[in-house]
Amino acid sequence: MLFLLLVKASERSEAGLFPDPSLQEAMAAFNRELVEAGVRVMAKGLHPTREALRFSFRRPDEEPDVTSGPFEPPMDHLAGFILIEVA
């Protein structure tokens with residue numbers, strides 16, 4: 001069964017900054033454990049919302065509304081994801 005682990009955004013990630021070194025180490029260790037266990041399918045970081053577009057489809061027969069980022073508040077956004085497959 002596939003599971004999607006979501007990495008929440010923060011003000012730092014939205015500013016394009018990396019997490020502090022201790023958090024980076026913890027994230028790397030967690031990723032290594034997933035790889036060593038043979039369950040990690042994919043892991044990716046996402047760009048900040050200032051580089052994003054939002055497509056809103058109001059009606060099936062109309063063109064979508066397109067809004068440029070950044071979008072607020074950061075805690076409602078994703079900074080990345082990890083896809084795992086486990087029994």
Side-chain angles (χ1 to χ4, degrees):
M1 184 176 294
L2 289 172
F3 289 90
L4 184 63
L5 310 178
L6 304 176
V7 179
K8 298 288 285 199
S10 66
E11 289 183 12
R12 287 185 59 83
S13 67
E14 281 293 291
L17 303 172
F18 286 105
D20 65 67
S22 63
L23 183 54
Q24 286 184 55
E25 291 172 21
M27 291 166 53
F30 180 65
N31 261 298
R32 277 192 303 276
E33 289 177 21
L34 294 173
V35 170
E36 290 168 2
V39 299
R40 194 185 86 176
V41 176
M42 174 187 278
K44 291 288 182 183
L46 302 174
H47 288 273
T49 63
R50 70 174 178 273
E51 300 176 25
L53 297 174
R54 178 178 289 156
F55 293 83
S56 301
F57 294 87
R58 305 277 183 222
R59 301 177 73 149
D61 57 337
E62 293 180 359
E63 292 292 315
D65 290 331
V66 181
T67 308
S68 296
F71 302 106
E72 295 291 334
M75 66 282 297
D76 290 340
H77 303 296
L78 300 177
F81 67 91
I82 304 168
L83 183 64
I84 61 171
E85 186 167 15
V86 295

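The first residue of the sequence shown is numbered 1, and numbering continues consecutively from there.
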Chemist: Any side-chain heavy atom of I82 sitting closer than 4.5 Å to one from M42?
Modeler: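 Heavy-atom side-chain distance check fails, nothing below 4.5 Å.
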
Chemist: Would you say that S56 contacts R58 through its side chain, given a criterion of any heavy-atom pair below 4.5 Å between the two side chains?
Modeler: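 S56 vs R58: side chains touch.
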
Chemist: So does F81 have more than 12 non-hydrogen atoms from other groups sitting under 6.0 Å from CZ?
Modeler: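 More than 12 within 6.0 Å, yes.
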
Chemist: Closer than 3.5 angstrom, by distance alone: can the side chain of S13 be matched with the main-chain N or O of A79 as a donor-acceptor pair?
Modeler: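 Pair absent, no side-chain N/O of S13 close to backbone of A79.
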
Chemist: Between E85 and V39, is any pair of side-chain heavy atoms under 4.5 Å apart?
Modeler: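 They are not in contact (no side-chain heavy atoms under 4.5 Å apart), so the answer is no.
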
Chemist: Between H77, R54, E72, E14, which is the residue that forms a side chain to side chain donor-acceptor pair (under 3.5 Å) with T49?
Modeler: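 For T49, the side chain to side chain donor-acceptor pair (under 3.5 Å) check succeeds only for E14.
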
Chemist: Does a side-chain heavy-atom distance below 4.5 Å link F30 with L5?
Modeler: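 Answer yes - side chains close enough.
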
Chemist: Please determine whether the number of non-hydrogen atoms from other residues, nucleotides or ligands lying under 6.0 Å from atom CD of E63 exceeds 12.
Modeler: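 No, because the 6.0 Å sphere around CD of E63 holds 12 heavy atoms or fewer from other groups.
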
Chemist: Determine whether F71 and L53 fall in the same hydrophobic cluster, where Ile, Leu, Val, Met, Phe, Trp and Tyr are linked whenever their side-chain heavy atoms lie under 4.5 Å apart.
Modeler: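 No, it is not one cluster - the side chains of F71 and L53 are not joined through contacts under 4.5 Å.
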
Chemist: For residues L83 and L6: do they belong to one hydrophobic cluster (side chain heavy atoms under 4.5 Å, members Ile, Leu, Val, Met, Phe, Trp, Tyr)?
Modeler: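 Yes, it is one cluster - the side chains of L83 and L6 are joined through contacts under 4.5 Å.
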
Chemist: Is the shortest side-chain heavy-atom distance between M27 and P19 below 4.5 Å?
Modeler: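 Sidechains of P19 and M27: in contact.
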
Chemist: So, do V41 and L2 sit near enough that their side-chain heavy atoms are less than 4.5 Å apart?
Modeler: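 Counting from C-beta outward, V41 and L2 do come under 4.5 Å.
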
Chemist: Quick check: closest heavy atoms across R12 and F18, and the distance to 0.1 Å?
Modeler: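 Taking R12 first and F18 second, the nearest heavy atoms are NH2-O, 2.5 Å.
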
Chemist: Identify the heavy atoms of K8 and D76 that sit nearest to each other, and give their distance.
Modeler: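 Of all heavy-atom pairs spanning K8 and D76, the closest is NZ-CA, 4.3 Å.
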
Chemist: Treat each ILVMFWY residue as a node, draw an edge where side-chain heavy atoms are under 4.5 Å apart, and state whether L4 and M1 are in one component.
Modeler: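 Cluster IDs for L4 and M1 differ.
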
